[in-house]
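Input: a single structure, listed below in structure tokens.
Nothing here was measured: the structure is a model prediction, and the numbers come from that model. In what follows, chains carry the letters A, B, and so on, assigned in the order in which the sequence lines appear, proteins first and then strands, with residues in each chain numbered from 1.
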Amino acid sequence: MPELPEVETVRAELELHITGKTISEIDKRRDNIRIAIPDLSVLHGKKISRIERRAKYLIIHFAKYNDALVIHLGMSGKILLGTGLARKNHDHVIFHFTDNSEMVFNDARRFGVVTLLSQSAKLFNHLGPEPFSDEFNFAYLNKSLKNRKTPIKVAILDQALVVGVGNIYASEALFRSRINPKTPANKVRELSGLIKNIRAVLQDSIDAGGSTLRDYRQTSGRIGKFQHKFDVYGKTNKPCPRCGTLITQITQAGRSTFYCQNCQKQG
DNA sequence: ATGAAGGCCTGAGGGC
DNA sequence: TGCCCTCAGGCCTTCA
């Protein structure tokens with residue numbers, strides 16, 4: 001599931017493998033995924049200079065060119081690099097480079113986005129601070145949650161509050177913080193601890209390399225290892241690693257939440 | 001302003 | 001084997 005750690009891993013891989021490459025041609029095989037894919041032919045002949053991540057978006061910048069390519073992996077999006085790759089089902093956009101290699105955007109469920117930065121204001125305007133930024137601090141969180149009665153789990157999934165935290169890491173961060181996910185956001189006391197644990201769980205996952213990018217030279221695929229370190233996510237009726245109580249699964253805002261009823265009692 | 005709910009979309013997995 | 005149903009979830013839109 002591409003949350004911040006996976007997107008950051010992909011960013012690092014792209015930086016390593018496609019920086020300096022020049023796009024020769026873009027083969028758009030579908031006009032619509034989550035939103036319409038615009039005409040990308042303006043990028044023909046442009047040389048990739050830098051790969052940035054903002055929230056769960058990848059932003060590919062070009063030398064001597066103001067616009068940039070924006071990619072969001074949604075739920076099932078993958079970026080594949082290689083040369084002479086066989087076309088697969090759900091290959092939606094193929095970026096050909098002048099060295100004959102290619103970058104493929106593949107997304108079975110089409111929740112992803114491929115667009116230009118110049119057309120992305122709507123996607124970026126409402127985004128909150130990056131979790132690792134100084135801006136994401138106690139004063140900010142305290143103020144932002146002061147009047148919010150929505151459950152804390154739902155609040156930290158809101159990209160306007162803080163970006164990059166998806167369903168998996170929301171449950172994991174609350175477990176580490178011993179906070180009950182049902183606690184109204186304005187009743188949570190340990191906000192400093194929550195900030196610390198959101199950062200820690202994201203960093204631990206980045207360190208484990210949750211990767212959705214496959215290097216064509218490693219056909220086995222480079223797979224992240226953090227899924228083996230989940231404390232509560234997907235652990236319904238398995239013992240809590242802290243106290244042994246069986247993990248509970250509930251639904252909040254239409255999404256699964258996993259927590260320990262015994263040791264996540266704090267608000 | 002807040003927040004609950006619906007919708008997009010395919011593949012995996014369970015039940016029969 | 002195969003059909004049908006449910007679930008997975010990022011995030012936008014709609015509605016209360």
Just call it for A:S76: base, sugar-phosphate, or nothing, with non-hydrogen atoms closer than 4.0 Å on any strand.
nothing
Quick one: is B:dA4 close enough that its OP1 or OP2 comes under 4.0 Å of any side-chain N or O from A:K149?
no
Is the shortest side-chain N/O distance from A:S256 to OP1 or OP2 of C:dC7 below 4.0 Å?
no
Categorize A:Q249 for me: base, sugar-phosphate, or nothing, with a 4.0 angstrom heavy-atom threshold over every strand shown.
sugar-phosphate
Is there a salt bridge (Lys or Arg N to Asp or Glu O under 4.0 Å) between A:K21 and A:D99 once you walk through the steps?
CA-CA 8 Å; A:K21 293 199 182 203; A:D99 66 355; 3.0 Å; yes
Round to a whole Å and report the spacing from CG of A:D158 to C1' of B:dA4.
13 Å
Candidates B:dG3, C:dC12, C:dG10 - which lies nearest the side chain of A:T150
B:dG3
Does A:I37 offer a backbone N or O that forms a donor-acceptor pair with the side chain of A:K28 under 3.5 Å?
yes
Check whether more than 12 heavy atoms from other residues, nucleotides or ligands sit under 6.0 Å from atom CG of A:N66, and answer yes or no.
no
Main-chain N/O of A:H61 paired with A:S49 side-chain donor or acceptor, under 3.5 Å:
yes
Donor-acceptor pair, side chain of A:E15 and main chain of A:R11, under 3.5 angstrom
no
Nearest-nucleotide comparison on DNA chain B, the residue closer to the 5′ end among A:R30 and A:V154
A:V154
Distance test, side-chain N/O of A:R148 to OP1/OP2 of B:dG3, below 4.0 Å:
yes
When you check the gap from the basic side-chain N to the acidic O, do A:D107 and A:R30 get nearer than 4.0 Å?
no
Sidechain-backbone polar pair: A:S205 side chain, A:V201 backbone, donor-acceptor under 3.5 Å
no
Just N and O in the side chain of A:H90: are any of them under 4.0 Å from OP1 or OP2 of B:dC9?
no
If you look at every strand shown and take non-hydrogen atoms under 4.0 Å, does A:R110 touch a base, only sugar-phosphate, or nothing?
sugar-phosphate
Would you indicate which nucleotide in B:dA4, B:dG11, C:dC11 comes nearest to any side-chain atom of A:Q159?
C:dC11
When you measure from the side chain of A:R255, which nucleotide among B:dA4, C:dT13, C:dC11 comes out closest?
C:dC11
Report the residues that fulfil ring-ring contact (aromatic ring centres under 6.0 Å, His included) with A:Y57, sequence neighbours left out, ordered by chain and then residue number.
A:H72, A:F124
Which nucleotide, C:dT13, C:dC12, B:dT10, lies nearest any side-chain atom of A:K122?
C:dT13
To the nearest angstrom, how far is A:K146 atom NZ from B:dA1 atom P?
15 Å
Looking only at side-chain N and O atoms, does A:K56 come under 4.0 Å of OP1 or OP2 in C:dC11?
yes
Could you tell me how far apart A:N147 (CG) and B:dG3 (C1') are, to the nearest whole angstrom?
14 Å
Between B:dA4 atom P and A:K153 atom NZ, what is the distance in whole Å?
13 Å
Aromatic ring of A:F111 stacked on base six-ring of B:dC8, 5.5 Å, 30°
yes
With five pairs defining each end axis, the helix from B:dT2-C:dA16 to B:dC16-C:dG2 comes out bent, to 10°, by 50°
Rounded to whole angstroms, how far apart are CD1 on A:I156 and C1' on C:dC11?
16 Å
Could you give the CG-to-C1' distance, from A:L123 to C:dG10, as a whole number of Å?
12 Å
Rounded to whole Å, please give me the gap between CG in A:N32 and C1' in B:dT10.
17 Å
Round to a whole Å and report the spacing from CG of A:L161 to P of C:dC11.
14 Å
